[in-house]
S.K.: 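Structure below; questions to follow.
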Amino acid sequence: MTKAASTITVRLPDESTCELAPGSTGLDLASSIGRRLAQAAVATVIDGVESDLNLPLPDGASVAIVTADSDAGRHVLRHSTAHVLAQAVVQLFVGAKFSIGPAIEDGFYYDFELPGGKTFSDDDLVAIQGQMQKIVDADQPFVRAEMTAKEALQLFKDQPYKCEIIERVTKGDADPTDSLEAGSADAVSVYRNSEAFVDLCRGPHVPSTGRLGHFALMKVAGAYWRGNEKGPMLQRIYGTAWESKSALAEHLHRLEEAEKRDHRRLAVEMDLLSFPQELGGGLAVWHPKGAIVRKLIEDYSRERHQNGGYKFVFTPHLANAHLFETSGHLQFYKDGMYPPMEMDNGVYFPKPMNCPMHCLIYRDRQRSYRELPLRLFELGTVYRYERAGTLHGLLRIRGFTQDDSHIFCTEQQMADEITSLLDFVLSVLRRFGFTEFDFKLSTRNAEKSLGSDAIWQKATDALTEALNRHGFQYSVSPGDAAFYGPKIDIDVRDALGRKWQLSTIQCDFNLPERFGLEYIASDNSRTRPIMLHRALFGSIERFFGVLLEHYGGAFPTWLAPVQVRVLAVASAHESYAAQVVDQLTKSGYRVDQLVADEQLGKRIRASKLERIPYVLVVGDDDLKNSTVGVNPRGGEVRRDVGLAKFIDQLAADVG
RNA sequence: GCCGGGGUAGCUCAGUGGCAGAGCAACCGCCUUGUAAGCGGUAGGUCGUGGGUUCAAUCCCCACCCUCGGCUCCA
């Protein structure tokens with residue numbers, strides 16, 4: 001017997017090798033390395049391909065063990081749990097059709113169609129989760145099999161959605177989701193985890209359902225089949241699944257924390273703004289405390305733009321339909337615009353964007369190349385008809401204000417301008433405590449775009465060059481550009497690590513064309529400028545909502561609606577407290593006083609719940625010595641602080 | 001727009017085909033307070049809006065508005 005026949009050799013990720021008996025599986029390999037690894041293993045990667053743990057390893061393969069506590073491992077857990085969900089539903093609901101059930105961030109979902117268009121209730125979820133637990137307890141093995149498409153169609157003859165996927169894969173017009181579900185056209189793969197249930201799936205899966213168990217069904221929602229609005233609406237069940245009980249508990253805790261930071265909840269609690277029903281959906285009114293924060297944000301934006309070489313403009317909220325015909329908005333976005341108003345001299349629309357009006361300002365007189373780049377800036381309020389089901393607090397709203405700028409420049413100036421814009425954007429965002437940014441370059445969609453290849457290439461190159469000059473990592477979204485030009489979108493990460501898209505920088509050579517914009521170049525020729533659209537906050541309303549969630553309502557001192565609250569220990573100290581308020585107010589701070597009707601502890605609690613950065617307590621000692629007791633948000637109480645010293649500290653904090 | 005929840009006091013929520021409930025907040029007293037809830041009392045609601053069923057509707061039915069979770073969409 002040769003050596004090759006008696007053992008096989010596989011290579012591990014650390015470049016070491018391991019000898020195993022022929023026919024050994026990934027699980028055997030994991031066991032040979034250690035018991036804990038074997039327990040944590042959920043799949044293998046064999047020569048770069050994710051595979052089942054019970055697949056025999058080929059001699060000479062590079063093998064990695066995927067453990068449950070890795071991203072890839074959790075993905076496998078979640079995908080397998082989705083199968084268990086489908087099995088539970090099929091067992092509990094006779095005649096249920098199941099369609100797709102992928103792993104997603106933090107969990108999984110599965111889409112179903114119930115007979116007679118029935119829907120799942122919350123009680124159903126409880127029952128389904130119970131049934132899933134039984135399947136897990138039964139420790140059913142996941143058994144992979146491959147078959148021809150014809151065999152698969154026969155196997156799933158009662159499952160129309162599965163048949164559609166198989167047919168798509170067979171015809172070669174599968175999208176990535178289909179491939180995930182079914183494997184390839186040559187060999188359709190299925191996983192059977194009991195007599196009762198078999199599902200189309202590429203895999204891999206955990207060896208058996210007993211490996212699962214730390215999951216929870218979260219919610220049920222409608223979802224269109226294949227995301228097609230005109231297609232049937234299925235019932236989607238969302239769940240979450242983790243490698244351990246504690247990981248699941250942590251996830252649920254994170255959700256609770258995020259809920260506490262919900263900007264809609266904080267806006268009510270902190271009396272910042274509201275959405276009165278009488279006003280209509282997606283329209284907000286700003287209360288004094290919210291308005292002061294918004295004003296501070298806008299003031300800061302204006303100051304930065306003033307110093308950044310921008311010229312301020314103002315434009316009206318309405319415009320004649322002709323303007324939006326010229327700009328192309330009526331052609332491309334009529335459905336997203338508020339309906340027209342008939343007036344004696346024409347038809348008017350609320351504006352969905354500011355750019356057409358800025359173009360009119362540019363075109364009002366002849367421009368020279370010496371004026372470029374010309375940067376027009378406006379906090380411009382626009383109205384967009386967002387469909388009712390899409391409204392979401394401040395984040396998706398029908399009337400909002402853009403910190404909007406249009407920069408008219410030459411082709412040659414484009415790259416420099418975008419480069420300095422990136423600096424400007426990040427510098428402004430950093431002031432609000434954002435330190436992590438993700439960049440996305442969206443490129444041309446051949447079907448939905450205007451303009452020559454050459455100009456698109458130039459614009460895309462300019463954006464890419466600007467990103468590269470900064471050395472920023474970025475992702476590319478092919479085909480996601482606006483119809484008029486490519487763009488860079490910037491996401492920020494908030495204090496909980498969540499991503500929010502805020503800023504956008506877009507190249508546009510369509511509007512200059514449509515409006516016939518020109519400048520006189522140095523060679524005396526009439527030349528078309530390039531237009532850059534850019535917004536930093538995007539929408540002030542949305543940015544405010546993101547900030548609220550980012551800070552959890554605890555605005556930094558420079559933005560806090562009330563920066564300092566003064567509390568007298570007893571009535572005898574109220575007039576001294578008033579003096580302190582007076583002095584701080586004269587120093588330019590937002591200060592108030594809560595008189596001593598209630599006990600001190602209760603007033604402190606109330607002030608803390610309002611997230612006021614500094615609570616000052618003054619009593620006998622302070623009155624005598626012109627001092628204050630300082631109770632800072634999230635810090636230690638200090639007694640007997642001189643008022644002048646406190647003002648210095650406040651100044652330093654506000655920066 | 002589509003699917004499924006929901007709308008009761010300022011807030012968070014309970015409740016019933018037959019007089020509308022709690023806690024917190026508010027207001028009024030008492031307490032005069034030294035760092036996160038002192039005590040007592042009072043007031044507060046067209047039960048989202050409009051129709052319908054019923055002797056009687058906050059409750060059941062229909063429509064609409066608003067809202068929540070998703071889907072779709074997002075210049």
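Each chain gets a letter, A, B and so on, in the order the sequences are listed, and its residues count up from 1.
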S.K.: In terms of side-chain heavy atoms, does Q235(A) have a donor or acceptor partner in D111(A) at a distance below 3.5 Å?
M.R.: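 Absent: no donor and acceptor within the cut-off.
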S.K.: Between the main-chain N or O of Y589(A) and the side-chain N or O of Q563(A), is there a donor-acceptor pair closer than 3.5 Å?
M.R.: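 Here the side-chain-to-backbone pair does not exist.
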S.K.: Could you tell me if H573(A) and D620(A) have a donor-acceptor pair between their side chains, going purely by distance under 3.5 Å?
M.R.: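 Short answer, yes.
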S.K.: Looking at K499(A) and D438(A), is there a salt bridge between them, counting it only when a charged N and a carboxylate O are closer than 4.0 Å?
M.R.: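 Looking at K499(A) together with D438(A), the answer is yes, because their closest N to O distance falls below 4.0 Å.
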S.K.: Answer with base, sugar-phosphate or nothing: what part of the nucleic acid does E598(A) contact at a heavy-atom distance below 4.0 Å?
M.R.: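 The answer is base, as E598(A) lies within the cut-off (heavy atoms under 4.0 Å) of a base atom.
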S.K.: Which value, in whole Å, describes the distance between the C1' atoms of nucleotides C59(B) and U54(B)?
M.R.: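 Comparing C1' positions in C59(B) and U54(B) gives a spacing of 13 Å.
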S.K.: Suppose you measure atom P in U16(B) against the same atom in C24(B); what distance do you get, rounded to whole Å?
M.R.: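 Straight-line distance between the two P atoms is 24 Å.
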S.K.: Looking only at N and O atoms, is any donor in the side chain of R387(A) or the base of U72(B) less than 3.5 Å from an acceptor on the other one?
M.R.: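 Yes.
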S.K.: Are a donor atom and an acceptor atom from the side chains of H287(A) and S274(A) found within less than 3.5 Å of each other?
M.R.: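 Present: a donor and an acceptor within the cut-off.
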S.K.: Is K602(A) near enough to A25(B) that one of its side-chain N or O atoms lies under 4.0 angstrom from OP1 or OP2?
M.R.: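 Indeed, a polar side-chain atom of K602(A) lies that close.
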S.K.: For residues W225(A) and E164(A), is any side-chain donor paired with an opposing acceptor at under 3.5 Å?
M.R.: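 There is such a pair between these side chains.
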S.K.: Answer with base, sugar-phosphate or nothing: what part of the nucleic acid does E269(A) contact at a heavy-atom distance below 4.0 Å?
M.R.: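 E269(A): no heavy atom of the nucleic acid under 4.0 Å.
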S.K.: Roughly how far apart, to the nearest Å, are G15(B) and G1(B) at atom P?
M.R.: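 Looking at atom P only, G15(B) and G1(B) are 31 Å apart.
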S.K.: Between C2(B), U33(B), C73(B), spot the one nearest the side chain of T390(A), thanks.
M.R.: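 In terms of side-chain proximity for T390(A), the closest of C2(B), U33(B), C73(B) is C73(B).
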S.K.: Take atom CZ of R396(A) and atom C1' of A75(B), then tell me their distance rounded to the nearest Å.
M.R.: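 Atom CZ in R396(A) sits about 12 Å away from atom C1' in A75(B).
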S.K.: In whole angstrom, give me the gap between the P atoms of C68(B) and C11(B).
M.R.: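 It works out to 15 Å between them.
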S.K.: Pairing donors with acceptors under 3.5 angstrom, does anything connect the side chains of D106(A) and T240(A)?
M.R.: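 No pair is found: no donor N or O on one side chain lies under 3.5 Å from an acceptor on the other.
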S.K.: Say we look at G4(B) and G44(B): how far apart would their P atoms be, to the nearest angstrom?
M.R.: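 Comparing P positions in G4(B) and G44(B) gives a spacing of 41 Å.
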S.K.: Over all strands shown, is F332(A) touching base, sugar-phosphate only, or nothing at heavy-atom distances under 4.0 angstrom?
M.R.: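 Since no nucleic acid heavy atom lies under 4.0 Å of F332(A), the category is nothing.
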S.K.: Expected output check: what is the dot-bracket annotation of RNA chain B, where ( ) and [ ] are pairs inside the strand (brackets for crossing ones), | is paired with another strand, and pairs are Watson-Crick or G-U under 3.5 Å?
M.R.: (((((((..((((....[..)))).(((((.......))))).....(((((..]....))))))))))))....
S.K.: Would a 4.5 Å heavy-atom cut-off, applied to side chains only, mark S477(A) and L441(A) as touching?
M.R.: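 A side-chain contact under 4.5 Å is absent here.
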S.K.: Rounded off to whole Å, could you give me the CG-to-C1' distance for the L594(A) and A37(B) pair?
M.R.: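 Value for this atom pair: 14 Å.
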S.K.: To the nearest Å, how far apart are D271(A) CG and A26(B) C1'?
M.R.: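 These atoms are roughly 14 Å apart.
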S.K.: Hey, does the side chain of Q599(A) come within less than 4.0 Å of G38(B)'s phosphate (OP1/OP2), counting only N and O?
M.R.: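 For G38(B), OP1/OP2 do have a side-chain N/O of Q599(A) under 4.0 Å.
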S.K.: Using whole Å, what does the distance between atom P of nucleotide C24(B) and atom CZ of R605(A) come to?
M.R.: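 It is 11 Å, rounded to the nearest whole Å.
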S.K.: Work out how far the C1' atom of U58(B) is from that of C19(B), and round it to whole angstrom.
M.R.: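 Rounded to whole Å, the distance is 14 Å.
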S.K.: On a plain distance test, is the side chain of R236(A) in donor-acceptor contact with the base of C3(B) below 3.5 Å?
M.R.: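 Between C3(B) and R236(A), which were checked side chain against base, a qualifying N/O pair under 3.5 Å is absent.
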S.K.: For T119(A), report the nucleic acid contact type (base, sugar-phosphate, nothing); a contact means any heavy atom under 4.0 Å.
M.R.: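 Answer is sugar-phosphate: T119(A) comes under 4.0 Å of backbone atoms only.
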S.K.: Give a yes/no answer on whether the side chain of Y385(A) brings an N or O atom under 4.0 Å of OP1 or OP2 in C73(B).
M.R.: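 The answer is no; no side-chain N or O of Y385(A) sits under 4.0 Å from OP1 or OP2.
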S.K.: NA contact type, A223(A), heavy-atom cut-off 4.0 Å: base, sugar-phosphate, or nothing?
M.R.: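 Touches sugar-phosphate only.
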S.K.: Is there side-chain contact between K289(A) and E610(A), with heavy atoms separated by less than 4.5 Å?
M.R.: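 Yes, at least one pair of side-chain atoms sits under 4.5 Å.
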S.K.: Could you write out each protein N or O paired with an N or O of nucleotides 61-68 of chain B at a distance under 3.5 Å?
M.R.:
unit_1, atom_1, unit_2, atom_2, d
C65(B), O2, Q277(A), NE2, 3.0
C66(B), OP1, G281(A), N, 3.3
C68(B), OP1, R264(A), NH1, 3.0

S.K.: Could you state the atom-to-atom distance from CD1 of I612(A) to C1' of A36(B) in whole Å?
M.R.: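 The answer, rounded to whole Å, is 13 Å.
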S.K.: Taking the six-membered ring where the residue is Trp, are the ring centres of Y484(A) and W456(A) under 6.0 Å apart?
M.R.: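 Not under 6.0 Å, so no.
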S.K.: Reckon Y484(A) touches a base, only the sugar-phosphate, or nothing at all at heavy-atom distances under 4.0 Å?
M.R.: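 Sugar-phosphate, backbone atoms only, no base.
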S.K.: Using the P atom on both, measure A26(B) against C66(B) and round to a whole Å.
M.R.: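 So the two P atoms sit 33 Å from each other.
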S.K.: Roughly how many Å apart are G52(B) and C71(B), using the C1' atom of each and rounding to a whole number?
M.R.: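 To the nearest whole Å, 33 Å.
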S.K.: Looking at D653(A) and Q649(A), would you say the former's side chain and the latter's main chain have a donor-acceptor pair under 3.5 Å?
M.R.: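 Judged by distance alone, no pair lies under 3.5 Å.
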S.K.: Which glycosidic conformation, syn or anti, is assigned to C19(B) if syn requires a torsion within 90° of zero?
M.R.: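 Syn for C19(B); the angle stays within 90° of 0.
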S.K.: Does K608(A) put a side-chain nitrogen or oxygen below 4.0 Å from OP1 or OP2 of U35(B)?
M.R.: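 K608(A) to U35(B) OP1/OP2: no side-chain N or O under 4.0 Å.
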S.K.: Would you tell me whether T381(A) and K351(A) have side-chain atoms, one donor and one acceptor, within less than 3.5 Å of each other?
M.R.: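 Distance-only check fails for T381(A) and K351(A).
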S.K.: Name the nucleic acid region contacted by Y238(A), choosing base, sugar-phosphate or nothing; use a 4.0 angstrom heavy-atom cut-off, strictly under.
M.R.: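 Touches sugar-phosphate only.
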S.K.: Which whole-number value in Å describes the distance from E386(A) CD to G1(B) P?
M.R.: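 In whole Å, G1(B) P lies 12 Å from E386(A) CD.
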S.K.: Which of residues 615-639 of chain A have a heavy atom under 4.0 Å from RNA chain B?
M.R.: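 Hits under 4.0 Å, by residue number: V617(A), G619(A), D620(A), D621(A), D622(A), G629(A), N631(A), V637(A), R639(A).
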